[in-house]
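Below: one structure, written as structure tokens.
First listed ligand is number 1; within each ligand, the first listed atom is number 1. The structure presented is a predicted model; accordingly, all values stated were derived computationally and were not measured.
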Amino acid sequence: MPDYGHPLRFGSFITPANSPASQPVRLAVLSEELGFDLVTFQDHPYQASFLDTWTLLSWAGAQTERVQLSGNVLNLPLRQPAVLARSAASLDLLSGGRVSLGIGAGGFWDAIEAMGGRRLGPGQAVDALDEAIDVIRGIWDAAERRPLRAGGKYYRVAGAKRGPAPAHDIPIWIGAYKPRMLRLTGRKADGWLPSLSYLQPGHLQRGNRAIDEAAAAAGRDPREITRLLNVAGSESADDLARLALEDGISTFIVMGDDERGLRYFATEIAPAVREQVDRTRAERGNESLGRVRNSIALSKRRSGIDYDGLPVSLVSRAVEPGDAAYARYTSSYLRGAAPGLVLRPETVDEVRDAVAVAARHRHVPLGIFSAGHGLSGRSLNDGGLVIDVGPLNAVEILDAEAGRVRVGPGARWADVAQTLTPHGLAITSGDYGGVGVGGLATADGIGWLAREHGLTIDHLTGVDVVLADGTLAHASATQNPELFWAMRGAGANFGVAVSFEFEAPRVGQLALAQFVFDATDVASSLRRWGTAIEEADRSVTGEVILGGRQGGRRYAQALLVVDSDDPDAIVERLQPIADIAPLLDHSIALTGYDQIMQSMLSEAPQQGQGEPHSHSGLVRHLTPAFAADAAALLEAGASYFFQIRAVGGAVSDVPAEATAYGWRDANFSVAAFGTRSSGLDRWWERLIPHMEGMYLSFESATGPEVLARAFPPDHLTRLRALKQRYDPTGLFRDNFFIDPGAVDDNAA
Ligand SMILES: Cc1cc2nc3c(=O)[nH]c(=O)nc-3n(C[C@H](O)[C@H](O)[C@H](O)COP(=O)(O)OP(=O)(O)OC[C@H]3O[C@@H](n4cnc5c(N)ncnc54)[C@H](O)[C@@H]3O)c2cc1C
């Protein structure tokens, strides 16, 4: 050292002058066009002739697409750190991870006091900044569920809610010169940002030394701290290259108020500096470093994971426990989690790289994550690897006339509906718009149009899968037909689906009906529901949900979709269903499939903690015996959410042997959610004899008995043989693992 090996970057340093207000934004846009990596603005909130820097950053972020954004540097005494942390995280989320936080402890104390800020002496400013950093990082740490208590003397935060987590680890850069500030930079910051014009001869060297020593004393790698420098623009390329190679500066931020100066720097100086630095580094054998993780992040790494052996294609977007983006992976819809490493491939080739990494980590759990709504699957885990295919979320219409559609696994069904509805198309999916394509289309997909249009998998015409050996296979009726059979019902066992092709039927306006019944006589209500649904026109599909008693009565909520825009026909088809029990409330609205999906969706971060406890079963008819046992289960308080969905109809038109999902003659899918102590397991045992199998997406239990209920015996035998062929080591095992080596007792 000190060439710390950081990648070279160039930025502009713009005065937020309000004359005219658009000028600094224009310069920011120009900086992006000229290829600068970074746009920064001074921050002097006491200057009446300046725009507010934070507002300006937000506006500039909205006008640009690629360039990073930072205050240079933000005036901490006038910016409350907990609020500043939220502002920064918000802008980082809105701008797609483009924010850096340059902060300083203040100066111009008369002006700060005049604005209501508190004057801080030299020693106090360091302590205040120290506390502020704890507060800011504490707010960003959304993975930590305890409220934030931080700071003390200057910024006391007493139980603040954390979050939002920024889109990426926002680096904190400190603009400072004095020894104590530099030691703080070494101990806690991610970057040092002085101005060349304020530095005395030898200052940079002394500063670097102070930072490096403080970093080492705090157990940090000095390379964690980026060295940035504001420069005037009059320096030669040789000067700047020397600063890079001898003083470790990797980011040069040039005064940016003069358009011509900016252009000259971008076209003449920056390329020449880059060329010299690259050449000298190559001669010295110095490689340019990627990301250097901080010591807090390093201390949270889990054992058994080769964090440093990741391929270049995945390393920059990989998420580890200490990272800001990690909070996203600590909860799925109903489960809590603490994975050791999340890989976020953005292309099919990167998925292949991720599968290769997973293959080298057979000893830790592996989850495949699309949108995190798995009840049965363990798309997240504790201490293992997760492959998040969320970025593969394109929805493309290939042929609107024929209804041919290609969808990525990371899309949600609400996204699919948004694209398809304007073309008069819909793929029957689940009832919830937030569910991911990857998880649902590799299982079955029991949704609002099931009785008329079958399951989601019944519309699948092809799927691209990255297999356990890393190869990409296309599966369809004509290519790899056995794999295609398996992917439709047991897909999670066979690879990572990276693209699905569907044939979507034509679907126009629909009616969405909501009924509330007095279902205190549970058995009668269920029996009559069963009969009414089985006798209903196929355009009617629906579900009924029962829970605990309220005020001595038990209510049932029904949601039904009728594929018709004719009010008379809708009423006629729904009337027999409305008569199954005393109707307390109802509404019927004409709507589109996209609106239905959108109304059943939460954009809030997933909050699942602990383990869900649910059981699933498939029933041909809601017989009196089934209804009596279901009523007893509810009377015993064993389930707080008992749901019966309609299947049958078009689902039953498909021969049982056509897909891995084999329970084609069931008319109802039953799911019950309870707790371990609610007695659900015991009461559920009594229902099992009425059932012929189950839908694995609503089951939380695992194990061979559960697997034996998920697939008819001959299907399971065929799946096991296919598992031996496509995934003999059992790499894909998070979701009802079909052990290739096991023998089925009851195999046909
Ligand atoms: C609120 C809610 C409503 C639901 N409603 C319905 C419904 O109406 N009908 C219905 O059928 N289901 C429904 N489900 C169940 C849901 O379909 C499944 O849980 C599905 O697996 C969730 O998919 P995901 O991608 O969101 O989940 P994730 O948690 O991301 O994935 C779940 C599992 O799917 C597998 N998987 C995910 N992506 C891939 C991939 N690309 N390739 C291979 N395997 C993959 C993995 O094994 C993973 O563990 C519902 C779930 C919730 C939470």
Could you check whether [Y] and [X], counting side-chain N and O atoms only, form a donor-acceptor pair closer than 3.5 Å?
X      : Y      : answer
Asp388 : Tyr329 : yes
Arg145 : Ser331 : yes
Glu534 : His621 : yes

Side-chain donor-acceptor contacts of residues 441-449 below 3.5 Å, not counting sequence neighbours, with atom names and distances?
{"unit_1": "Thr442", "atom_1": "OG1", "unit_2": "Gly438", "atom_2": "O", "d": "2.6"}
{"unit_1": "Thr442", "atom_1": "OG1", "unit_2": "Gly439", "atom_2": "O", "d": "3.1"}
{"unit_1": "Trp448", "atom_1": "NE1", "unit_2": "Asp431", "atom_2": "O", "d": "3.3"}

task: Among Glu611, Gln609, Gln606, find the residue that satisfies the side chain to side chain donor-acceptor pair (under 3.5 Å) test when tested with Arg335.
output: Glu611
query: Distance under 6.0 Å and angle within 45° of the ring axis: does Arg488 meet both against Phe484?
result: yes
statement: Less than 4.0 Å from some atom of ligand 1, heavy atoms are found in residues Tyr333, Ile368, Phe369, Ser370, Ala371, Gly372, His373, Gly374, Leu375, Gly377, Arg378, Ser379, Val389, Pro409, Gly430, Asp431, Tyr432, Val435, Gly436, Gly438, Gly439, Leu440, Thr442, Gly445, Ile446, Ala492, Gly495, Val496, Ala497, Arg645, Tyr695, Ser697, Phe698, Asp734, Asn735
